[in-house]
Amino acid sequence: MELRSSQWYAGEDRNAYIHRAWMRRGAPDDSFRGRPQIAIANTASDLTPCNAHLTGVAQFVKNGILEAGGVPQELPVVSLGETNVRPTAMLWRNMAAMSTEEMLRANPVDGVVLLGGCDKTIPSLLMAAASVDIPAVVVPGGPMLNGTFRGAPLGCGTGVWKLSEEVRAGTLSQEDFARSESAMIRSAGHCNTMGTASTMALVAEALGTIVPGIAGTPASDARLSEAAQLTGRLAVDLVKEGRTPSTFLTKGSFHNAIVALAAIGGSTNAVVHLLAIAGRLGIELSVEDFDRIGSHVPLLVDLQPAGRHLMEDLFRAGGLLAVLRQVKDLLDPEALTITGKPLVDYLDDAEIFDPEVISVRETPVQDDAGIALLRGNLAPDGAIIKPAAATPELLQHRGRALVFDSIEDFHERIDDPDLEVDADSVMILRGCGPKGYPGMPEVSNMPLPTKLLEQGVRDMVRICDGRMSGTAYGTVVLHVAPEAAAGGPLGLVRTGDWIVLDVAGRRLDVELSAEELAAREPSAAMTGAFAAPTRGWERLYVDHVQQADTGADLDFLVGASGSEVARESH
Ligand code: FES
């Protein structure tokens with residue numbers, strides 16, 4: 001076996017001397033002679049609290065790599081903390097993917113173990129690994145332990161949206177709201193609801209990039225350390241077998257990921273991430289595939305934000321494999337996992353230990369889950385909605401538009417007592433797509449007007465070209481494409497227009513003719529609020545980002561460059 005790293009370390013010339021000598025620092029000579037060099041791409045950071053424990057996990061991965069005869073090399077990579085990073089972590093997902101890809105390619109590594117957790121970290125790592133195409137396997141950092149507040153489960157994110165609305169409605173005191181903070185976040189790990197982090201870990205396992213059975217193991221559970229050690233060993237074998245992402249990930253792998261996404265009631269954010277990962281692999285995946293494959297899959301998991309339980313409960317109840325066993329006939333039997341065996345081979349022994357958390361196929365939480373793709377004259381390239389998180393009565397709705405030209409406009413006016421709005425209004429927020437904000441933030445689940453909250457209204461139809469947190473819920477139409485800043489018709493709607501949402505018919509329309517729409521000019525208030533960066537990453541991003549319906553990757557990052565590096569550094 002010719003190792004990639006031998007291009008740096010093999011031989012006795014001056015350059016091989018340079019590469020070995022600086023790396024030696026106590027490492028024995030055989031470290032550089034035929035032993036696989038395994039990078040551990042580590043997204044640990046104090047500023048990414050959900051991933052802060054990953055350096056501890058990396059230690060177990062290192063043990064495994066050493067046991068299998070490899071040499072571990074920890075590689076800190078760009079880390080994105082969902083709660084801190086402004087204007088939105090999504091603006092930096094492609095940058096994290098690009099920098100990780102380039103550092104894997106530029107360095108003497110033969111394979112990589114990817115350590116991620118918080119929302120954007122597993123997607124960016126997988127995008128990078130797909131584009132550099134060296135053997136790669138994910139160890140997901142795992143969710144936090146369950147939160148509890150006033151005797152009830154308190155889920156990360158979901159609890160924030162719920163409790164903050166209670167404060168605004170006057171049913172929870174500010175003191176109790178503050179007290180809930182440390183009840184919500186009580187251990188290491190990522191959000192414990194079925195938010196984007198949990199979704200992406202489970203979906204990455206269904207895709208085949210995590211050793212089956214690991215995703216969802218709580219961050220503080222000793223079984224995660226054991227899994228990390230075994231995965232470290234596996235990474236060395238992957239190099240020996242040459243199992244790179246392009247050798248085993250297929251359209252069937254994405255099919256399985258979409259089935260899993262629907263059965264777990266996963267985050268809408270998985271759509272843009274899976275589309276972007278597929279784009280790096282050259283696999284034809286479209287936003288239609290999510291509706292076609294996923295929307296008749298039963299919802300089997302009763303987790304917040306739509307349901308009751310949390311990730312620790314799901315793990316205890318049998319985890320992803322127990323869920324997938326129920327829908328085994330819907331999976332692609334050929335799709336392989338990182339171990340070289342098909343995903344379906346792992347399902348026969350997977351039991352449900354708590355039917356309150358994981359339902360059997362015969363009595364699902366909901367019959368048809370998944371994500372619905374809407375089209376119409378408001379979203380020519382599509383928009384999505386997660387019916388499981390919506391109010392059933394609102395899935396068919398006609399109401400007058402209440403338009404906000406920017407997030408600032410929204411904040412300024414939403415609590416104005418004179419705002420003309422009622423429970424049937426359709427709130428529209430624009431300028432929040434990939435180019436407009438920039439970065440497509442999670443602002444689509446607009447808080448409801450206080451005066452309606454006080455009347456007991458808890459959901460309304462909302463439409464936006466941005467995203468929604470995976471921990472959020474409501475009748476929210478997301479990812480409208482093209483976005484307003486790319487000339488989409490969402491930018492032409494005016495307050496008072498009639499909007500028709502027809503989820504069963506998969507339509508989203510404004511009751512205006514093509515001529516009426518074409519005759520309208522975008523408002524100056526809206527265009528004036530679009531991002532107009534003049535330099536740096538934001539400029540590159542706005543100039544090159546694609547729309548949500550294709551994964552919001554940069555146009556020049558789609559596809560792969562492989563692992564070849566032509567020239568020496570000296
Ligand atoms: Fe990191 Fe939710 S904030 S996973």
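Atoms within each ligand, like the ligands themselves, are counted from 1 in listed order. Side-chain atoms are counted along with the backbone in the values below, which use heavy atoms only and exclude waters and symmetry mates.
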Give the numbers and elements of all ligand 1 atoms closer than 4.0 Å to a heavy atom of [X].
X: Cys50; answer: 1 (Fe), 3 (S), 4 (S)
X: Asp119; answer: 2 (Fe), 4 (S)
X: Cys118; answer: 1 (Fe), 3 (S), 4 (S)
X: His190; answer: 4 (S)
X: Ala197; answer: 4 (S)
X: Glu82; answer: 3 (S)
X: Thr83; answer: 3 (S)

Handout entry: Asn269 and Glu442 side chains, donor-acceptor separation under 3.5 Å
Key = yes

Exercise for the section: Output yes when a side-chain donor or acceptor of Thr43 lies under 3.5 Å from a complementary backbone atom of Ser79, and no otherwise. Expected result: no

Handout entry: salt_bridge(Arg308, Asp313) N-O dist < 4.0 Å
Key = no

Problem - 2.8 Å cut-off met by an N, O or S atom of Cys191 to atom 2 (Fe) of ligand 1 - result: yes

Handout entry: Exceeds 12 heavy-atom contacts within 6.0 angstrom, atom CD of Glu356
Key = no

Practice task
Please name the pair of heavy atoms, one in Pro49 and one in Thr83, separated by the smallest distance, quoted to 0.1 Å.
Solution key: CG-OG1, 4.5 Å

Exercise for the section: Taking the side chain as every heavy atom from C-beta outward, state whether Phe530 and Val542 have any atom pair closer than 4.5 Å. Expected result: no

